[in-house]
Amino acid sequence: MTIYNFSAGPATMPQPVIQQIKDDLPSYKNSGMSVMEISHRSSLFDGIIADAEQDLRDLMNIPDNYKVLFFQGGGTLQFTAAPLNLATKYHRIGLLDSGHWADRAGDEASRVGVKVDVLDSTKDIKYTELPVLKDLKQDTYDYVHITTNNTIEGTAYSKIPDTGATELVGDQSSNFLAQQYKVEDFGAIMAGAQKNLGIAGLTIVIVRDDLIGKVKNLPSMVDYELFAKKNSMFNTPPVFAIYAAGLVLKWLKEQGGVPEMERRNLKKSGLLYDYLDNSKLFTAPVKKADRSLTNIPFITGDPDVDADLISKATAAGLLNIKGHRSVGGMRASLYNAMPYEGAQALVDFLEKYEADYWRTH
Ligand SMILES: *Cc1c(COP(=O)(O)O)cnc(C)c1O
């Protein structure tokens, strides 16, 4: 049975990458050592991290005046790090409250003493649409924080809100390299690796260099300037996760880069949305214009039917389609590594399930 893993994260990886990891595992580049065993100060690792940075720069067209930093601590630590490094003038940020992860970002910023103004929220409609930025007051906020893709609620910005002269910080954790954004539209971008870039334990920060170094003596492990100066090797970096991300980046390049990923993600998600929109059993609750390409929630409205469907899907090799506990229902995550055949298998399964359902109801 072919298995497809629709997990929201940690998530499915490209099969050729898993194979490469398997081949490399006992002895990396005939060194007699596993990547798990090599020093982060070794020339072997120098090659790994330098290639990963360069490949990411190529894939995202990252301008030279942006730093690429490799952190630990997940997207979540960046909810602390970003305000500490970047909210240095007004000590106040604007937030577009688009759901769980935006809310978490605001909460962590408040914990380090930064004022957080919610500029718009769609909480009252259960985040089934994106909040909209209107009349942003300039010279008020160090930056506006957005979540480009809302992993749990299934919305995504295809067009970035215009913040004028105010910086924009984007949490791209769940659509990093999955659709095209211009790095120049952001002062900083953060993304945990375990959705589109490999395995947990690594978080990428891309930040414009004039924005860093404004505060001295930050805690070292969240200090952007220090990490930039030390090439992300202030202490032991997550060696294996950076190696795995490097393989994913090479795979992405071979596949045709981010434009090709966006094309495929539109096709995969379009297949599922089309089916859901024509189904009499399932509903995709998110407003069409705001739909995510990578995380697709859907419901039947009956928790017992949802539970039955999820257990039958699991038995059929379609794994991890249970929705987040805050939304319920189902969610299919169709990240870069999910092949079209996976989306097709899911739609075939849902069609059959629906036909059986109407025969007995
Ligand atoms: C998963 C996720 C996070 C949190 O990531 P951790 O690595 O678990 O801290 C933050 N933001 C978004 C949009 C996510 O999808």
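We count ligands from 1, going down the list as the structure has it; atoms in each ligand are counted the same way.
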As a quick check of understanding, evaluate ring pair (Phe, Tyr, Trp, His ring centres under 6.0 Å) for Y224 and F71, giving each step before the final call.
CA-CA 9 Å; Y224 290 174; F71 278 95; 5.7 Å; yes
Using a 4.0 Å heavy-atom cut-off, say whether F176 meets ligand 1 through its side chain, its backbone, both or neither.
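Neither part.
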Heavy-atom distances under 4.0 Å decide this one: backbone, side chain, both or neither, for K195 against ligand 1?
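The answer is the side chain.
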Who's the nearest protein heavy-atom neighbour of [atom], and how far?
atom	value
atom 8 (O) of ligand 1	Q194 NE2, 3.7 Å
atom 9 (O) of ligand 1	T76 OG1, 2.5 Å
atom 5 (O) of ligand 1	G75 N, 3.7 Å

Out of N295, I152, T151, which residue meets the side chain to side chain contact (heavy atoms under 4.5 Å, CB included) rule with H324?
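Among the candidates, only I152 passes.
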Applying the side chain to side chain contact (heavy atoms under 4.5 Å, CB included) criterion to F186, which one of T163, I160, V169 satisfies it?
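Per the side chain to side chain contact (heavy atoms under 4.5 Å, CB included) rule, the option paired with F186 is I160, out of T163, I160, V169.
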Option set D171, N196, N295, criterion heavy-atom distance to atom 13 (C) of ligand 1, minimum:
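Of the listed residues, D171 has the closest heavy atom.
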Hey, could you give me the CG/CG distance between D64 and D209, rounded to the nearest 0.5 Å?
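D64 atom CG to D209 atom CG measures 9.5 Å (nearest 0.5 Å).
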Near [X], which atoms of ligand 1 are under 4.0 Å from a heavy atom of that residue?
X	answer
T151	12 (C), 13 (C), 14 (C), 15 (O)
F79	10 (C), 11 (N)
N149	13 (C)
G74	7 (O), 9 (O)
T147	13 (C)

Min side-chain heavy-atom separation L56-F70 under 4.5 Å
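Result no, sub-4.5 Å side-chain heavy-atom pair not found.
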A side-chain contact here means heavy atoms from C-beta on lying under 4.5 Å apart; do L272 and F282 qualify?
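Side chain of L272 against side chain of F282, heavy atoms only: no contact under 4.5 Å found.
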Quick check: does any side chain N or O of T140 sit under 3.5 Å from a backbone N or O of Q138, one acting as donor and the other as acceptor?
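Answer holds: yes.
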Are T203 and ligand 1 in contact, using a heavy-atom cut-off of under 4.0 Å?
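No.
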Any Q172 heavy atom less than 4.0 Å to ligand 1:
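Under 4.0 Å: no for Q172.
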R325, CZ atom: more than 12 neighbouring heavy atoms under 6.0 Å
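For R325, atom CZ is not crowded (no more than 12 foreign heavy atoms under 6.0 Å).
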Neighbour count above 12 (heavy atom, 6.0 Å) for D135 CG
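12 or below, so no.
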